[in-house]
Amino acid sequence: MHEYFIQNISYHKDEVVKLKGWVYNLRKSGKIWFLILRDGTGIIQCVVTKNDCDEASFDLKDVLTQESSVMVTGKVIADERADGGYELIAHKVELVSIAGEYPITKKEHGIEFLMDQRHLWLRSKRQHAIMRIRHTIIKSIRTFFDQRDFTLVDTPIFQKGATEGTATLFETDYFDDKAYLTQSGQLYAEAAAMALGKVYCFGPTFRAEKSKTRRHLTEFWMVEPEMAYYDLDMDMDLAEDMISYIVAEVLMNRRLELETLERDITKLEAIQKPFPRIHYDDAIKLLQARGVDVQWGDDFGAPHETIIGEAHESPVMVHHYPSAIKAFYMKRDPADSKYALAVDMLAPEGYGEIIGGSQREDDYDLLVERMREEGMDPANYDWYLDLRRYGSVPHAGFGLGVERTVAWICGLSHIREAVPFPRTMSRLTP
RNA sequence: UCCGGAGUAGCUCAACGGCAGAGCGGGUGACUGUUAAUCACUAGGUUGGGAGUUCGAAUCUCUCCUCCGGAGCCA
């Protein structure tokens, strides 16, 4: 059986094909009507007249509603008047199911209403384009690691305690115990890297922070590579290669979708290696030179990240943050222990931090010392400390926020559109 | 948690102390090239909840609720 899809319709010019889909829109004009058909791969205009199709099909115009499901058989022709350049001269229209009054109309809607209708909103052109770009981003990430001989290692979602002391975790009953939903697979990825060399985990991550901004979700997807025998510079090289690859793949395979989103493609085409690498000290100087009130030792807030990111066309990597504001597992610079061998990658156009990474502390004693400084009990991390007891090596890794990357590449104003069913402080349905 | 903003028809909004309205969507009808088609007619309301001021409140005051944006935190 041959299946025909709208995205490939130009290969079937002058053929009679059968398309299966949904009514995206209807325009009736007496003895001719136009059925805008959507099949999940694209949208095409079907022209229905009594000259070309049977009467029962023609009369469906009085019955069909927006989003009713139909199958249309007809001849593919090229026509300038049709959006997309091709249209279908219908020979037969078969009704599958009549849709009730569709909540999403052709006029504008508010974001809250559309999010309530998220399960239906995904059918719209714009959301369709975002989901396909998201797919390509995820696929390109997996291909990127696969081509570099990384092994995928899935890490647990139920975890005993926090990876980083500060973040608020979702707590859940675990038989007679408590468990927390993961905020990072990193510690497990480190264990896997000692077994397999180069690994990555890719899964959902949960943060119970009461954040209400366009950059935050309570549930988001994160990809975390971890590499044995990597130092900070190699870590940054990898992050830069990965982002360049993702952007190139999207530009090559999702041009139509970027155009649907009215994304300024020149901004993406400008992403070129090498990305600027700025020492934390220089980032502070850059901010101070622009009149921002920051002192050495401060962490960067969203406005700071925006200023640093906007200074360059490509993403910027800021490295050597003060260890005091970074996580316990990040290795301190042997040359000057007040710095951590850490890096954040800031996306252009104000999209902020998309990657956070570091070389890890591989010395047992220094790691225990850092845990104690953070008020952590090393006894709770005995298995993690085993990685430093048995064949410890220099290693590094980073975490990439998938939705922030999607939001940046798509040019979205809010991260909640970057995931099919977003979870935020105030949204658990649909 | 803090700061700001908003809740009026199914949806998007107007009316801002004096008869609650429009567009879209729904219904009925017209139209053989429409592009969020157009045109005519039509149905559709506990103005977020509660209290107060007033001859009179969607409008002013208080309070509660919900949502949105931002900060902090982070991917």
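Naming: A, B, ... by sequence-line order, numbering from 1 per chain.
- Between the side chain of A/Arg404 and the base of B/C74, at least one donor-acceptor pair of N or O atoms lies under 3.5 Å.
- The base of B/C73 lies close enough to the side chain of A/Ser211 for a donor and an acceptor atom to sit less than 3.5 Å apart.
- Distance A/Glu224 CD to B/A75 P: 9 Å, rounded to the nearest Å.
- The P atoms of B/C3 and B/C64 are separated by 13 Å, rounded to the nearest whole Å.
- Aromatic ring pairs are classed by plane angle as parallel below 30°, tilted from 30° to 60° and perpendicular above 60°; the pair A/His109 and A/Phe113 is parallel.
- The two atoms that bring A/Leu64 and A/Leu95 nearest to each other are CD2-CD1, 3.7 Å, heavy atoms only.
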Exercise for the section: Dump the intermediate steps for side-chain hydrogen bond (donor to acceptor under 3.5 Å, both in side chains) on A/Tyr329 and A/Gln186, then the final yes or no. Expected result: CA-CA 10 Å; A/Tyr329 53 75; A/Gln186 187 207 307; 3.1 Å; yes

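- With respect to A/Lys18 and A/Glu94, a salt bridge is recorded, a charged nitrogen being found less than 4.0 Å from a carboxylate O.
- Looking at the side chain of A/Ile32, the nearest of the listed nucleotides B/U32, B/U34, B/A75 is B/U32.
- By the 30° and 60° cut-offs, the orientation of the rings of A/Tyr321 relative to A/Tyr280 is tilted.
- If you take atom C1' in B/C68 and the same atom in B/C62, they sit 24 Å apart, rounded to whole Å.
- For A/Glu257 and A/Arg263, the salt-bridge test fails: no basic side-chain N is under 4.0 Å from an acidic carboxylate O.
- Comparing B/G48 with B/G7, their P atoms are spaced 8 Å from each other, to the whole Å.
- The aromatic ring of A/Phe34 does not sit over the base of B/G33; the criterion of centres under 5.5 Å apart with planes under 30° is not met.
- Here the separation of B/G33 from B/A20, taken at their P atoms, is 45 Å to the nearest Å.
- Between A/Lys273 and A/Asp237 there is no salt bridge, since no side-chain nitrogen of the basic residue lies less than 4.0 Å from a carboxylate oxygen of the acidic one.
- Note that A/Lys338 lies in the cation-pi zone of A/Trp296, set by a 6.0 Å cut-off to the ring centre and a 45° limit from the axis.
- Among the nucleotides B/U32, B/C68, B/C74, the one closest to the side chain of A/Lys31 is B/U32.
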Check the interface with nucleotides 21-27 of chain B: list each N/O to N/O pair with the protein under 3.5 Å, or write none.
| unit_1 | atom_1 | unit_2 | atom_2 | d |
| --- | --- | --- | --- | --- |
| B/G23 | O2' | A/Lys107 | NZ | 3.0 |

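- For the OP1/OP2 pair of B/G69 and a distance below 4.0 Å, the side-chain nitrogens and oxygens of A/Thr213 include no atom meeting the criterion.
- In this entry the distance linking CG of A/Asp59 with C1' of B/U32 reads 15 Å, nearest Å.
- For A/Ser29, the listed nucleotide lying nearest its side chain is B/U32; candidates were B/C73, B/A75, B/U32.
- For B/A71, one of the phosphate oxygens OP1 or OP2 lies less than 4.0 angstrom from a side-chain nitrogen or oxygen of A/Arg215.
- Using P as the reference atom, B/U59 and B/G50 are 12 Å apart when rounded to the nearest Å.
- Taking the six-membered ring where the residue is Trp, A/His279 and A/His319 present perpendicular rings, their angle passing 60° and hence far from 30°.
- Evaluation of atom-type donor-acceptor distances gives no pair under 3.5 Å for the side chain of A/Glu80 against the base of B/G33.
- In this structure, A/Glu87 reaches the bases: a heavy-atom distance under 4.0 Å links it to at least one base atom across the strands shown.
- Position along RNA chain B of the nearest nucleotide to A/Ala302 versus A/Ile355 favours A/Ala302 as the more 5'-ward residue.
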Exercise for the section: Report the C-alpha distance between A/Glu374 and A/Arg370 in whole Å, list the side-chain angles of each, state the deciding distance to 0.1 Å, and finish with yes or no for salt bridge (Lys or Arg N to Asp or Glu O under 4.0 Å). Expected result: CA-CA 6 Å; A/Glu374 298 289 324; A/Arg370 280 293 282 128; 3.2 Å; yes

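- The C1' atoms of B/G49 and B/A43 are separated by 29 Å, rounded to the nearest whole Å.
- Within the nucleic acid shown, A/Asp299 comes within 4.0 Å of sugar-phosphate atoms alone, with no base atom in reach, counting heavy atoms only.
- With a 6.0 Å cutoff to the six-membered ring centre and a 45° limit on the axis angle, A/Arg277 does not count as a cation-pi contact of A/Phe275.
- Closest to the side chain of A/Phe113, from the set B/A75, B/U34, B/C11, is B/C11.
- Under 4.0 angstrom from either OP1 or OP2 of B/G69 there lies at least one side-chain N or O belonging to A/Arg416.
- B/G25 and B/C13 have their C1' atoms separated by 14 Å, with the value rounded to a whole Å.
- In terms of polar N and O atoms assigned as donor or acceptor, the side chain of A/His109 never comes within less than 3.5 Å of the base of B/C11 in a complementary pairing.
- Looking at the side chain of A/Lys210, the nearest of the listed nucleotides B/C74, B/U34, B/U1 is B/U1.
- The same atom, P, is picked in B/G17 and in B/A51; the two are 24 Å apart, to the nearest Å.
- Out of B/G33, B/C67, B/C73, the shortest distance to the side chain of A/Ser426 is found at B/C67.
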Fill in the blank from the handout: A correct dot-bracket answer for RNA chain B, with pairs being Watson-Crick or G-U at under 3.5 Å, [ ] for crossing pairs and | for inter-strand pairs, is (((((((..((((....[..)))).(((((.......))))).....(((((..]....))))))))))))....

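- Computed from coordinates, the A/Leu120 CG to B/C11 P distance equals 14 Å when rounded to whole Å.
- Side-chain contact, A/Glu249 with A/Thr136: no donor N or O sits under 3.5 Å from an acceptor N or O.
- Each of A/Arg427 and A/Val402 was assigned the nucleotide of RNA chain B with the nearest heavy atom; the assignment lying further toward the 5' end belongs to A/Arg427.
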